[in-house]
Trainee: 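Shown below is the structure under consideration.
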Amino acid sequence: MNSNKTILTGDRPTGPLHIGHYVGSLKKRVELQHAYRQYVLIADMQALTDNAGNPKKVRDNVLEVALDYLAVGLDPALNVIVVQSLVPELAELTMYYLNIVTLARLKRNPTVKDEMKQKGFGEDVPAGFLTYPVSQAADITAFRARYVPVGQDQLPMIEQTNEIVDKFNSLYGGEALLRCEPLLSAVTRLPGTDGQGKMGKSTDNAVFLKDDEDTLRRKIRQMYTDPLHLKASDPGHVDGNPVFAYLDAFDPDKAGLEELKEHYKKGGLGDVKVKERLFEALNRELASIRARRREFEKDPAEVLNMLKKGSLKAREITSVTLGAVRAALLLDY
Ligand code: TRP
């Protein structure tokens with residue numbers, strides 16, 4: 001039996017975290033922190049791979065993301081919260097791994113392919129962006145993580161990591177690196193408030209954890225619903241209607257919600273009513289998160305200090321991995 005219960009999870013600091021992150025991963029992390037050794041990585045170097053011209057954005061969002069973590073209840077005493085760039089072993093490992101990954105393989109990574117299309121990079125893709133899965137493999141292996149909680153879109157990263165692990169171990173005849181497994185989340189992704197695909201950090205279709213009550217009310221009021229439900233008396237669609245997707249995620253009264261859906265489908269229930277119910281449910285959950293955030297916001301220097309401590313702690317394990325890798329490569333001078 002493998003008794004390694006180490007988890008690595010993380011986010012790119014390119015924007016504050018939203019309620020999609022909350023139901024998709026943050027809630028799960030808060031549970032996992034009690035049963036696992038959990039490293040939570042704020043991947044600032046990865047964020048820079050497509051934000052080279054915008055270091056201020058990345059820097060500011062490192063603090064935002066850290067505050068979001070603390071606000072939802074990730075406890076620095078139970079987790080190691082790490083800033084990627086403060087752990088230099090990760091960059092060094094990336095350099096070594098790049099030699100055993102081909103350009104053709106990098107171009108085949110479906111997630112990177114999608115992102116490149118979205119961002120319109122074409123051949124002018126920053127080399128760092130194309131190779132970020134290798135840097136992510138460095139993250140995962142450096143922490144000797146067995147489990148990586150992911151959504152579907154991150155599965156190719158796990159696959160590519162394990163390829164690197166296998167190739168490295170077989171080339172250099174050792175067991176320097178450990179394979180990892182995805183912990184797939186059962187939760188489906190929340191759609192954006194505009195009903196157009198998933199919620200994004202950088203698009204304006206997100207409800208952020210830090211949004212105040214007025215912002216929340218406005219965003220919900222403007223939410224896309226069923227375009228065929230023009231009058232309250234019209235029968236409405238629940239499927240594909242983001243208001244109901246959010247209610248499914250946040251309304252604790254499941255029986256009441258079922259009645260509401262039936263009423264909406266039959267006709268006679270206006271969007272305003274449904275949105276009021278959503279506001280109540282969501283605001284109840286976000287209120288405590290906001291309150292906790294406000295406490296931590298009072299002392300950003302202390303939050304930064306916590307990040308530095310976590311990053312230093314992280315180096316205890318990443319330096320062991322780097323030592324093994326350097327030895328395997330005959331670089332143990
Ligand atoms: N790629 C992840 C994201 O876009 C962030 C990340 C970087 C990560 N390194 C990681 C996640 C290691 C899990 C493990 O959100």
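These values consider heavy atoms only, across backbone and side chains, with no hydrogens, waters or symmetry-generated copies. As the structure lists them, so they are numbered: ligands from 1, and atoms in each ligand from 1.
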Trainee: Can you list the ligand 1 atoms lying under 4.0 Å from a non-hydrogen atom of D139?
Mentor: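 With D139 as reference, the close atoms of ligand 1 come out as 7 (C), 9 (N), 10 (C).
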
Trainee: Could you list the atoms of ligand 1 found under 4.0 angstrom from a heavy atom of A43?
Mentor: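 Ligand 1 atoms under the 4.0 Å threshold to A43: 7 (C).
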
Trainee: Does the side chain of L17 come within less than 4.5 Å of Y22's, by heavy atoms?
Mentor: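 Not in contact.
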
Trainee: Just by distance, no angles: are the side chains of N109 and Q160 close enough, under 3.5 Å, to form a donor-acceptor pair?
Mentor: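 Per modelled atom types, N109 and Q160 side chains form a pair under 3.5 Å.
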
Trainee: Quick one: which of Q46, Q84, E115 has a heavy atom closest to atom 5 (C) of ligand 1?
Mentor: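 It is Q46 whose heavy atom sits nearest to atom 5 (C) of ligand 1.
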
Trainee: Quick one: do the Y264 and D271 side chains pair a donor with an acceptor below 3.5 Å?
Mentor: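 The criterion, which ignores hydrogens and geometry beyond distance, is satisfied for D271 and Y264.
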
Trainee: Name the residue from L63, V62, L48 that meets the side-chain contact (heavy atoms from CB on, under 4.5 Å) definition with P13.
Mentor: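 Among L63, V62, L48, the one that satisfies the side-chain contact (heavy atoms from CB on, under 4.5 Å) with P13 is V62.
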
Trainee: Judging by distance only, is a nitrogen or oxygen of Q136 under 3.5 angstrom from one on ligand 1?
Mentor: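 By distance alone, the answer is yes.
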
Trainee: Heavy atoms only, cut-off 4.0 Å: how does L41 contact ligand 1, side chain, backbone, both, or neither?
Mentor: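 The side chain, only.
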
Trainee: Can a donor-acceptor pair be found between the side chains of Q84 and D139 at a distance below 3.5 Å?
Mentor: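 Yes, because at least one side-chain N or O of Q84 sits under 3.5 Å from a partner of the opposite role on D139.
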
Trainee: Cation-pi check for Y132 against R12: NZ or CZ below 6.0 Å from the six-membered ring centre and within 45 degrees of the axis, yes or no?
Mentor: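 Yes - R12 lies over the ring of Y132, closer than 6.0 Å to its centre and within 45° of its axis.
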
Trainee: Examine R12 against ligand 1 and note whether any of their N/O atoms are separated by less than 3.5 Å.
Mentor: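 N/O-N/O distance under 3.5 Å: yes.
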
Trainee: With heavy-atom distances below 4.0 Å as the criterion, list the atoms of ligand 1 near Q154.
Mentor: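 In order of numbering, the contacting atoms are 1 (N), 2 (C).
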
Trainee: Considering only the protein, which heavy-atom contact is closest to atom 12 (C) of ligand 1, and what is its distance?
Mentor: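 The closest one turns out to be L8 CD2, 3.6 Å.
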
